[in-house]
Novice: 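Following this message is one structure expressed as structure tokens.
A note on names: the letters A, B, ... follow the listed sequences, proteins ahead of strands, and every chain is numbered from 1. Predicted model, so just to flag it, every value in this text is computed and none were measured.
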Amino acid sequence: MRPTSYRDLTCADARLEEVGKPATLAGWVNRRRDLGQLIFLDLRDRYGITQVVIDNADSPEAHAIAEQVRPECVVRVSGTITKRLAGMENDKLDTGDVELRATEIEILATAKTPPFVINDPAAEVDESIRLKYRYLDLRRGPLQRRIVARSRMVKAIRDAHDAAGFVEIETPLLIKSTPEGARDFVVPSRLQPGSVYALPQSPQQMKQLLMVSGFDRYYQIARCLRDEDLRGDRQPEFTQLDLEMSFVDDTDVMAWVEEMCLAVTKAVRPDRPLLNDPFPRFSFREAIDRFGSDKPDVRYGMELRDLGDLAAASGFRVFESVLDAGGRVVGLAAPGLGGLARKQIDELTELARKAGASGLVWLALDGEGGIRGSIVKVVGEEMAHRLAAAAGAGPGDLVLIVADRDITAQEVLGTLRVELADRHEMYDRSVLSYVWVYQFPMYHWDEDNARWDATHNPFSAVLPEDEALLTTNSGDPAVASPEDPAGRARAQQYDIALNGWELGGGSVRFHTREMLSKSFSLMGHDLEAQEEQFSGILEAFEYGAPPHGGIALGVDRWIALLTDQSNIREVMAFPKTSSGSDLMLDAPSPVHADQLAELGLMLQPRIGRDRSSD
RNA sequence: GGACCCGUAGUGUAGUGGCCUAACACGCCAGCCUGUCACGCUGGAGAUCGCCGGUUCGAAUCCGGUCGGGUCCGCCA
């Protein structure tokens, strides 16, 4: 570090090479050890800790000031870097061979006793207190290291894109509200009373317009805002790596993202083993059928098996009726869990119910060819053994079987698969495993509104070979039914997952007004509504839009995964609570009457507290 | 919108109907100490048990409500 007028060295710089040199250091007092005539201070900054010795024999003035010093005071100390006395080295400190022998101390700022211990990184503190005093929490090592890792990640992202010819472009935060997707945060306009801006849920439309402009490789570290309920992996404002490329198909985008992800991972966590290079690619169908998830964790096995053929002849009525209704019977084998206690199996059944299944069938194999389980009496031992074998089970294994609608059955089992792997530690947690899932269905049937809705992004293009499916049986897009060919159309959509977490998703977009318009019509937007909501992009597409596609990756989730955190609050400097509050700034806060008046707004009086959904 | 969990000195915990005049550790304050590094030793201060109401002879403890925090479902690219 370059010296400043306050300091010559950081608290990590004091090393044997500096011995004998006069130096001034500045930082926070981590600890004080007062031995009477001799006082030790551990001086801390974000780089490290250096021990300061104040000997009354050297400087009575400095000693007198050192007696006043308290933990977390900000001080500046001048003296000489000296080698420690033989046998007094501290191998727990990088600077433990030396110390600063002080001749002068200046207290730059006093400090109240902090609400929680700063100098013990292992100290557990209630999160609401950490959030209220976030600036103190950020003084502590663990959070500070994660914020630094995040900075390294963003730099690695910028370096990779810059080297590959991408242009970083900032897009506006005040944009137009659209009803698609999540609920918008809305900002009232003062200059145009009664009208509002929306804060962007993502720079989606802007980046597509940039493609029309010819910025064929764009990226941005973009803040995105969504007014939805929070979760451990969801904050109302979060950061995405947003990128878009022209003259590409899905394989081109995936190839770039893969290369970039590897570079970023190696820059941030060179120590963690990577399971897959190149990243495996699963169609949505394959991911669901093999792992019961569209973001599979492939660090462990326990893949799902289709048991439909056997189940049809099993004599178990539940299986047969599910299959008759077009459902699926799927199973998985959990290695070595044949001896699982009945109580734990009941817990799994409860979990399966919560995940949406009506029940869970289990079979447990012992080591001597015996089998027990919920349906052994009904189907007989031989059929039970055949089902277990078909699920891939051997002696000592546990088989779980779910019969339900297609996709639901697999997803329930997928939930149990993750739970079993976590609970029984079936994999190495340090391993990183990126996977692609692609060829998602274009649309899903929206029961409530009896119409097709985009599974992901409404701008995603259809796979070329499925183009003919963008239609309804009636021929009229306004008269849709769940049996329409549109339900079978697959999108040029790809999601990237890391260790079972959704990291990002993107697609090749429609780049002609005709195709985009056709897709919007299928989703029940009449021409007038399209013009109203998407006039900008629809018009732009009439002026020569290149084929293009892109992706957005959740930066918060990504760095959380790379730093072993299960909550993105742990990688954000100033996050919000699950009710959307900022405990440090006490936001949101009531609005002043004159602010409202200026905006031409009135608050609706609320009677009671049960109107909050209005 | 719903379900569940948590709330006791500054911090982390113990106490789950009377043994509580609320305990322990760290921190804090004062004194002593020249080689400590989680310094040590001696002494001290600090809590109306989140808030409101109820049950009870008696409530930190049981019940209802409320506020705050967390996890999940709904919602959400």
Side-chain angles (χ1 to χ4, degrees), chain A residues 30-43 49-58 63 67 70-72 84-93 95-96 99 101 112-133 136 180-184 200-204 222 224-236 238 240 242 295 351 353-356 415 440 454-460 493 495-496 502-507 550-554 557 566-567 569 576-581 583 586 609-614:
Chain A
N30 198 56
R31 280 177 203 280
R32 187 177 72 119
R33 292 177 293 280
D34 186 346
L35 278 64
Q37 296 302 298
L38 197 61
I39 297 174
F40 294 95
L41 300 180
D42 287 341
L43 195 62
I49 287 178
T50 295
Q51 174 166 280
V52 175
V53 205
I54 303 101
D55 191 332
N56 195 30
D58 291 351
H63 185 266
E67 282 185 322
R70 290 292 176 270
E72 300 310 317
R84 289 197 187 188
L85 301 177
M88 294 299 160
E89 299 86 359
N90 184 349
D91 55 15
K92 286 185 220 156
L93 287 181
T95 60
E99 60 197 3
R101 186 157 274 274
K112 292 206 289 190
T113 301
F116 51 86
V117 257
I118 309 290
N119 55 23
D120 179 4
E124 295 207 5
V125 183
D126 187 82
E127 199 180 352
S128 58
I129 294 168
R130 291 176 54 205
L131 287 172
K132 179 167 183 190
Y133 299 95
L136 294 180
E180 286 295 330
R183 198 177 284 120
D184 282 325
Q201 300 175 24
S202 83
Q204 182 65 33
C224 302
L225 301 108
R226 290 176 193 159
D227 188 7
E228 296 292 348
D229 287 7
L230 289 80
R231 285 286 189 284
D233 59 354
R234 269 167 31 196
Q235 284 269 313
F238 59 101
Q240 286 194 336
D242 189 55
K295 41 181 189 289
L351 209 68
R353 288 221 173 85
K354 271 191 194 158
T415 304
F440 283 80
T455 303
H456 286 88
N457 185 312
F459 300 97
S460 296
Q493 162 81 34
D495 275 10
I496 187 168
E502 181 188 332
L503 195 60
S507 62
I551 197 168
L553 274 70
R557 288 183 184 180
S566 56
N567 197 306
R569 286 193 299 268
K576 303 208 168 24
T577 69
S578 68
S579 61
S581 297
L583 296 180
D586 193 25
R609 295 200 67 264
D610 52 339
R611 306 278 318 274
S612 51
S613 63
D614 287 1

Novice: Please tell me if the side chains of Arg234(A) and Arg226(A) come closer than 4.5 Å, counting only heavy atoms from C-beta onward.
Specialist: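 No, every pair of side-chain atoms sits at 4.5 Å or beyond.
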Novice: Partner lookup for rC24(B), please. Criteria are Watson-Crick or G-U wobble with both distances under 3.5 angstrom; report none if nothing qualifies.
Specialist: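 Per the H-bond distance test, rG12(B).
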Novice: For nucleotides rG12(B) and rG27(B), find the distance between their P atoms and express it as a whole number of Å.
Specialist: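 Nearest-Å result for rG12(B) against rG27(B) at atom P: 15 Å.
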Novice: Is any side-chain heavy atom of Asp495(A) closer than 4.5 Å to one of Lys295(A)?
Specialist: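 In short, these two side chains do not touch, never coming nearer than 4.5 Å.
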Novice: Taking the P atom in each of rG7(B) and rU16(B), what is the distance between them to the nearest angstrom?
Specialist: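 Roughly 13 Å separates the two P atoms.
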Novice: Kindly say whether Thr113(A) contributes a backbone atom to a donor-acceptor pair with the side chain of Arg70(A) at under 3.5 angstrom?
Specialist: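 Absent.
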Novice: When you check every protein heavy atom under 4.0 Å of nucleotides 29-35 of chain B, what one-letter string (B, S, -) results, 5' to 3'?
Specialist: SS--BBB
Novice: Let me confirm one number: the CG-CZ distance from Leu583(A) to Arg130(A), rounded to the nearest 0.5 Å.
Specialist: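 Reported value, rounded in 0.5 Å steps: 12.0 Å.
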Novice: Nearest whole Å is fine: how far is rC39(B) C1' from Arg33(A) CZ?
Specialist: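 Atom CZ in Arg33(A) sits about 7 Å away from atom C1' in rC39(B).
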Novice: Looking at Ser578(A) and Leu230(A), what are the two nearest heavy atoms and their distance?
Specialist: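 What the structure gives for the nearest pair is O-CD1, 3.7 Å.
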Novice: Across the strands shown, which category fits Ala182(A) at heavy-atom distances under 4.0 angstrom: base, sugar-phosphate, nothing?
Specialist: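 Counting heavy atoms under 4.0 Å across all strands, the contact made by Ala182(A) is with sugar-phosphate only.
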Novice: Taking atom C1' of rC26(B) as reference, at what distance in whole Å does atom CD1 of Ile118(A) sit?
Specialist: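 In whole Å, rC26(B) C1' and Ile118(A) CD1 are 14 Å from each other.
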Novice: Check this one for me: any side-chain N or O of Lys112(A) less than 4.0 Å away from OP1 or OP2 of rG10(B)?
Specialist: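 The answer is no; no side-chain N or O of Lys112(A) sits under 4.0 Å from OP1 or OP2.
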Novice: Across all strands, who's sitting opposite rG64(B) as a Watson-Crick or G-U wobble pair, both distances under 3.5 Å?
Specialist: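 Answer to the pairing question: rC52(B), which forms a Watson-Crick or G-U pair with rG64(B).
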Novice: What is the separation between atom CZ on Arg226(A) and atom C1' on rC75(B), rounded to the nearest whole Å?
Specialist: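 Result: 13 Å.
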Novice: So what does Leu583(A) hit on the nucleic acid, given a heavy-atom distance under 4.0 Å: a base, only sugar-phosphate, or nothing?
Specialist: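 Answer is sugar-phosphate: Leu583(A) comes under 4.0 Å of backbone atoms only.
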Novice: With distance as the sole test, does Gln493(A) use its side chain to make a donor-acceptor pair with the main-chain N or O of Gly506(A) at under 3.5 Å?
Specialist: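 Pair found, side chain donor or acceptor close to backbone of Gly506(A).
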Novice: Would you mind reading off the distance between Asp120(A) atom CG and rC28(B) atom P, rounded to a whole angstrom?
Specialist: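 Between P of rC28(B) and CG of Asp120(A): 12 Å.
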Novice: C1' atom, rG15(B) versus rC62(B): distance in rounded Å?
Specialist: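 One C1' to the other, the span is 16 Å.
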Novice: Look at all strands and tell whether Val117(A) reaches a base, only sugar-phosphate, or nothing, counting heavy atoms closer than 4.0 Å.
Specialist: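 Counting heavy atoms under 4.0 Å across all strands, no contact is made by Val117(A).
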Novice: How many whole angstroms separate atom CD of Glu72(A) from atom P of rG10(B)?
Specialist: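 Rounded to whole Å, this separation is 19 Å.
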Novice: When the P atoms of rU13(B) and rG31(B) are compared, how many Å lie between them, rounded to an integer?
Specialist: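 Their P atoms lie roughly 33 Å apart.
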Novice: Using the C1' atom on both, measure rA60(B) against rG18(B) and round to a whole Å.
Specialist: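 Roughly 13 Å separates the two C1' atoms.
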Novice: Can you tell me the distance, in whole Å, between the CG atom of Asn30(A) and the P atom of rA38(B)?
Specialist: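 In whole Å, rA38(B) P lies 11 Å from Asn30(A) CG.
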Novice: Rounded to whole Å, how long is the line connecting atom CD1 of Ile129(A) with atom C1' of rU8(B)?
Specialist: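 Whole-Å distance recorded here is 13 Å.
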Novice: Any strand counts, and the cut-off is 3.5 Å on both contacts for Watson-Crick or G-U wobble. Which nucleotide pairs with rA45(B)?
Specialist: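 Partner of rA45(B): none found under 3.5 Å.
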Novice: For a quick check of understanding: with a heavy-atom distance under 4.0 Å over all strands, which category does Asp495(A) fall into, base, sugar-phosphate or nothing?
Specialist: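 Asp495(A): base contact, heavy atoms under 4.0 Å.
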Novice: Applying a 4.0 Å non-hydrogen cut-off, can you work out what Gln204(A) is touching in the nucleic acid: base, sugar-phosphate, or nothing?
Specialist: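 Answer is nothing: Gln204(A) stays at 4.0 Å or more from every strand.
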Novice: For Gln240(A) and Ser579(A), take the nucleotide of RNA chain B holding the closest heavy atom to each; which residue's nucleotide lies nearer the 5' end?
Specialist: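 Its nearest nucleotide being more 5', the pick is Ser579(A).
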Novice: When the nearest nucleotide of RNA chain B is assigned to Arg32(A) and to Thr577(A) on a heavy-atom basis, which residue is associated with the more 5' position?
Specialist: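 Mapping each residue to its closest nucleotide by heavy atoms, the 5'-most match is Arg32(A).
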Novice: Is a donor from one side chain sitting under 3.5 angstrom from an acceptor on the other, for Asn90(A) and Gln51(A)?
Specialist: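 There is no such pair (donor and acceptor under 3.5 Å, judged by atom type) between the side chains of Asn90(A) and Gln51(A).
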Novice: Apply salt bridge (Lys or Arg N to Asp or Glu O under 4.0 Å) to Glu67(A) and list each qualifying residue two or more places apart in sequence or on a separate chain.
Specialist: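 Not a single residue meets the salt bridge (Lys or Arg N to Asp or Glu O under 4.0 Å) criterion with Glu67(A).
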Novice: Looking at Asp42(A), Ile54(A), Ile39(A), which one forms a side-chain contact (heavy atoms from CB on, under 4.5 Å) with Arg32(A)?
Specialist: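 By the side-chain contact (heavy atoms from CB on, under 4.5 Å) criterion, Arg32(A) pairs with just one of Asp42(A), Ile54(A), Ile39(A): Ile39(A).
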Novice: With P as the reference atom in both, quote the distance from rG50(B) to rC6(B) in angstrom, rounded to an integer.
Specialist: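 Their P atoms lie roughly 13 Å apart.
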Novice: Below 3.5 Å is the cut-off: list the nitrogen or oxygen pairs between protein and nucleotides 71-74 of chain B, distance only.
Specialist:
unit_1: rU71(B); atom_1: OP1; unit_2: Asn567(A); atom_2: ND2; d: 2.5
unit_1: rU71(B); atom_1: OP1; unit_2: Arg569(A); atom_2: NH2; d: 3.0
unit_1: rC73(B); atom_1: OP2; unit_2: Arg231(A); atom_2: NE; d: 3.3
unit_1: rC73(B); atom_1: N4; unit_2: Arg231(A); atom_2: NH2; d: 3.4
unit_1: rG74(B); atom_1: N7; unit_2: Arg231(A); atom_2: NH2; d: 2.8
unit_1: rG74(B); atom_1: O6; unit_2: Arg231(A); atom_2: NH1; d: 3.0
unit_1: rG74(B); atom_1: O6; unit_2: Arg231(A); atom_2: NH2; d: 3.1
unit_1: rG74(B); atom_1: N1; unit_2: Asp229(A); atom_2: OD2; d: 2.7
unit_1: rG74(B); atom_1: N2; unit_2: Asp229(A); atom_2: OD2; d: 3.4

Novice: Assign Ile39(A) to base, sugar-phosphate, or nothing according to its heavy-atom contacts below 4.0 angstrom with the strands shown.
Specialist: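 Result for Ile39(A) = nothing.
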Novice: Give me the distance, rounded to whole Å, that separates rA25(B) from rU21(B) when you measure between the C1' atoms they each carry.
Specialist: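 Roughly 22 Å separates the two C1' atoms.
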Novice: Determine whether a donor-acceptor pair (N or O, by modelled atom type, separation under 3.5 Å) exists between the side chain of Gln201(A) and the backbone of Ala182(A).
Specialist: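 Yes, because the side chain of Gln201(A) sits within donor-acceptor range (under 3.5 Å) of the backbone of Ala182(A).
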Novice: Please answer whether the main-chain N or O of Ile49(A) pairs with a side-chain N or O of Thr95(A) as donor and acceptor at a distance below 3.5 Å.
Specialist: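 Yes.
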Novice: Tell which nucleotide pairs with rA3(B), taking only Watson-Crick or G-U wobble pairs whose two distances are both under 3.5 angstrom.
Specialist: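 Its partner is rU71(B).
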Novice: How far does the P atom of rG46(B) sit from the matching atom of rU36(B), given to the nearest Å?
Specialist: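 One P to the other, the span is 35 Å.
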Novice: Taking any heavy-atom pair under 4.0 Å as a contact, classify Gly181(A): base, sugar-phosphate, or nothing.
Specialist: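 Sugar-phosphate, backbone atoms only, no base.
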Novice: Without decimals, in angstroms, what is the distance between Arg31(A) CZ and rC37(B) P?
Specialist: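 From Arg31(A) CZ to rC37(B) P: 11 Å.
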Novice: Is a side-chain donor or acceptor of Asp227(A) paired with a backbone partner of Arg183(A) at a separation under 3.5 angstrom?
Specialist: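 Side chain of Asp227(A) to backbone of Arg183(A), a donor-acceptor pair under 3.5 Å: no, none is there.
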